[in-house]
J.: 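After the C-alpha cells below, expect a handful of questions from me.
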Amino acid sequence: MPPHRGTSAGTLLAYAFAVRAFTATEAIDATGLTRSTVLAACEELVRLGWVRELDDARAAGEYRIGRPARRYELDDAAGVVVGVDAGQHRVTALAADVRGTVLGRAEGNLGASGLDVAVRLAVLAETVAAALADAAVDPERVLVSVVGIPAPVDAGGASPGDGGFWDRMNPGFADAVPGHLVVVENDANLAALAERPSSGGTSFAALLSGERFGAGLVVDGVLLRGTHGGAGEMRVLDLVEGVGSSDGIGATARRLVLEAFAAGEVPADGPLPLDADAAAVFAAARAGDRVALAIVDRLGDRLARVCVLLASLLDIDRVVVAGAIARPAAAVIDRARALLGDWNFDPVPEIVASSLGADVVVIGAVAHAVDAVRGDPLSFPIRPVHA
C-alpha cells in the first residue's frame, strides 16, 4: 500500500508541492524530518512517480566544494487534472498538470439542446476528450475531474431534485468524464475559488452576472455552501424591489431593449436593433445613444441593489462581477458604484470587474481539482512517466 497523508512520504510530498527543486538538506530544514527519513521518503516517492531526481547540485552549478547534494522536484507530469465549465449552452474543458499549468483546452457548443441530458453528457464527454487530446495526454492519467454546473450542489455533489432545470444540469457525470475522482461543484463557487487569489483575505462575493445572477460567497476566508448547496443562489431576487428576478446583466439588457421598442422609445434610425444583445447596448451607450444610456442606468441600479443585499446580509468587503459580461459591462459597474456612494447603506462593498473573463469558472474548476490532489496525493494511483 502506498503511504498516505500524515506519513513521512506524505509530509515530504506536501513540501515538494510547495517548492520547486530542493535538496535533502532543504527538506530536512523545512519538514523537521531526519536525513535518513527524508532520503528514504525521496526514494519511495521517486519509485511511485511523484518525485524525480535531478542532476546533483554540482552538475547544476549550485555546489562546488565537498560532496554534491542530491536534488529532487515534484514531477509535474505525475498526473493530470481536468476542469470543466458545463453551462447550459456551452462547455469549456481544460487539462492541466498537478500544479495547475494548463496543457490543453477545448470548447463544445450545446446550443438549444442544453436541457437534453443525453446531448449534454455526450458534448461534455467529447469536449473533455478533445482537451486531453490537445494536451496529448492519455485519459487514464486523469486523477481528478471537476465539473462546474449552474445549479446548487451539496457537499456530496448532488443538487436538490426539482424535476426540471437543476436535475438536467446535474444528471451525474461519472461515466462522461475520466478520473479516479469526479467532483461536481456549483459554477459560482468555482468562480469564487478562481477569484480568491486576487481578493486576498477579504470577504467577497464572486457574482456571475451574464444570463443569471449567482454568487460564490467567501466569508472570513471560508467558502459558504449551505446544507443543500444553496448559499449564493439568487432566487430571493424575485422579492427584491427594483430587481424582481435573478436574470443577469446580459439577459436583462436584452429584455430592456425589447421593452423600449414596445414602448416606441427607440428611433427607427437609432443604433439599437430589436435583437440587440448586451454588447450592442454597451457600444451604443458609449456612442451616446439616449436609449442605451438609460438601459445602462437601469442595469447599474439593478446591480447596486444586488450588491447592497449581499453586503447587508454577509458584511462582505467586495463584489467581483464575474463572467464574460464583466469587462464589457464597465459602464454598468461604474453606475452601480456611483449609486452605492449616494445611498445610505453600510457597509458599502467595493465593486470590481473580474479579469478572468469567460474562463472564470473553468479556471476555478482546475484550481479545485489541484486542491483535491494536494489534499491527499498518495491516495491516487499513478503511472511513473520518467522512470
J.: How would you list, by chain and number, every residue that makes a side-chain hydrogen bond (donor to acceptor under 3.5 Å, both in side chains) with Arg254, sequence neighbours excluded?
T.: Glu211
J.: Within the side chain of Asp247, is there an N or O that forms a donor-acceptor pair under 3.5 Å with the backbone of Ala251?
T.: no
J.: Before you tell me yes or no, could you show the steps for Tyr72 and Thr23 under side chain to side chain contact (heavy atoms under 4.5 Å, CB included), namely the whole-Å CA-CA distance, both residues' side-chain angles and the distance that decides it to 0.1 Å?
T.: CA-CA 6 Å; Tyr72 304 89; Thr23 65; over 6 Å; no
J.: Given side chains that start at C-beta, do those of Ile149 and Val184 come closer than 4.5 Å, heavy atoms only?
T.: yes
J.: Can you tell me which residue pairs pass the salt bridge (Lys or Arg N to Asp or Glu O under 4.0 Å) test with a partner in residues 29-38, sequence neighbours excluded?
T.: none
J.: Given side chains that start at C-beta, do those of Leu378 and Leu13 come closer than 4.5 Å, heavy atoms only?
T.: yes
J.: Hey, is the main chain of Asp238 close enough, under 3.5 Å, to the side chain of Ser245 for a donor-acceptor pair?
T.: no
J.: Under a single-linkage rule joining Ile, Leu, Val, Met, Phe, Trp and Tyr whose side-chain heavy atoms are separated by less than 4.5 Å, which residues share a cluster with Leu239?
T.: none
J.: Could you tell me whether Asp97 and Arg141 make a salt bridge, using a distance below 4.0 angstrom between a side-chain N and a carboxylate O?
T.: no
J.: Please enumerate all residues that pass salt bridge (charged side-chain N to carboxylate O under 4.0 Å, His left out) together with Asp138, with sequence neighbours excluded.
T.: Arg383
J.: So, applying side chain to side chain contact (heavy atoms under 4.5 Å, CB included) with Leu314, which one of Leu217, Val218, Leu309 is it?
T.: Leu217
J.: With salt bridge (Lys or Arg N to Asp or Glu O under 4.0 Å) as the rule and sequence neighbours excluded, what pairs involving residues 267-294 come up?
T.: none
J.: Check for a donor-acceptor pair, side chain of Asp167 on one end and backbone N or O of Gly163 on the other, with a separation under 3.5 Å.
T.: yes
J.: Compare all side-chain heavy atoms of Val51 with those of Asp75 and state whether any distance is below 4.5 angstrom.
T.: no
J.: Quick one: salt bridge (charged side-chain N to carboxylate O under 4.0 Å, His left out) partners of Glu73, sequence neighbours excluded?
T.: Arg52
J.: Do the side chains of Val321 and Ile295 join up, straight or via other hydrophobic residues, at under 4.5 Å, putting them in one cluster?
T.: yes
J.: By the rule that ILVMFWY residues connect when side-chain heavy atoms come within less than 4.5 angstrom, directly or transitively, which residues belong alongside Leu115?
T.: Phe165, Trp166, Met169
J.: Taking 4.0 angstrom as the limit, do Asp76 and Arg20 come out as a salt bridge?
T.: yes
J.: Glu107: which residues meet the salt bridge (charged side-chain N to carboxylate O under 4.0 Å, His left out) condition with it, sequence neighbours left out?
T.: Arg105
J.: Honestly curious: do Val360 and Phe204 fall in one hydrophobic cluster under the side-chain, below-4.5 Å linking rule?
T.: yes
J.: Can you classify the ring geometry of Tyr15 versus Phe22 as parallel (below 30°), tilted (30 to 60°) or perpendicular (above 60°)?
T.: perpendicular
J.: Under a 3.5 Å distance rule, please check whether Arg212 uses its side chain to pair with a backbone N or O of Ser246 as donor and acceptor.
T.: no
J.: With heavy-atom distances below 4.5 Å as the criterion, would you say the side chains of Ser145 and Phe173 are in contact?
T.: no
J.: Not counting sequence neighbours, list each pair that qualifies as a salt bridge (Lys or Arg N to Asp or Glu O under 4.0 Å) and has a residue in residues 198-207.
T.: none
J.: Can you check whether Leu12 reaches Glu44 side chain to side chain, under 4.5 Å on heavy atoms?
T.: no
J.: Does Gly157 offer a backbone N or O that forms a donor-acceptor pair with the side chain of Asn170 under 3.5 Å?
T.: yes
J.: I want to check something: taking the side chain as every heavy atom from C-beta on, are Arg120 and Ser113 in contact at a cut-off of under 4.5 Å?
T.: no
J.: Please identify each residue that fulfils side-chain hydrogen bond (donor to acceptor under 3.5 Å, both in side chains) with Glu140, with sequence neighbours left out.
T.: none
J.: Please tell me if the side chains of Arg90 and Leu110 come closer than 4.5 Å, counting only heavy atoms from C-beta onward.
T.: no
J.: Please collect all side chain to side chain donor-acceptor pair (under 3.5 Å) contacts where either partner lies in residues 319-334, sequence neighbours excluded, each pair once.
T.: Asp334-Arg337
J.: Would a distance-only check, ignoring hydrogens and angles, find a side-chain to backbone donor-acceptor pair under 3.5 Å from Ser199 to Thr202?
T.: no
J.: Should we count CG of Asp346 as having more than 12 external heavy atoms under 6.0 Å?
T.: yes
J.: Between the main-chain N or O of Ala125 and the side-chain N or O of Thr127, is there a donor-acceptor pair closer than 3.5 Å?
T.: no
J.: Contact between Pro171 and Leu121 at the side-chain level, heavy atoms closer than 4.5 Å - yes or no?
T.: yes
J.: Under 4.0 Å between a side-chain nitrogen and a carboxylate oxygen: does that hold for Arg255 and Glu259?
T.: yes
J.: Can you name the salt bridge (charged side-chain N to carboxylate O under 4.0 Å, His left out) partners of Glu350, sequence neighbours left out?
T.: Arg318
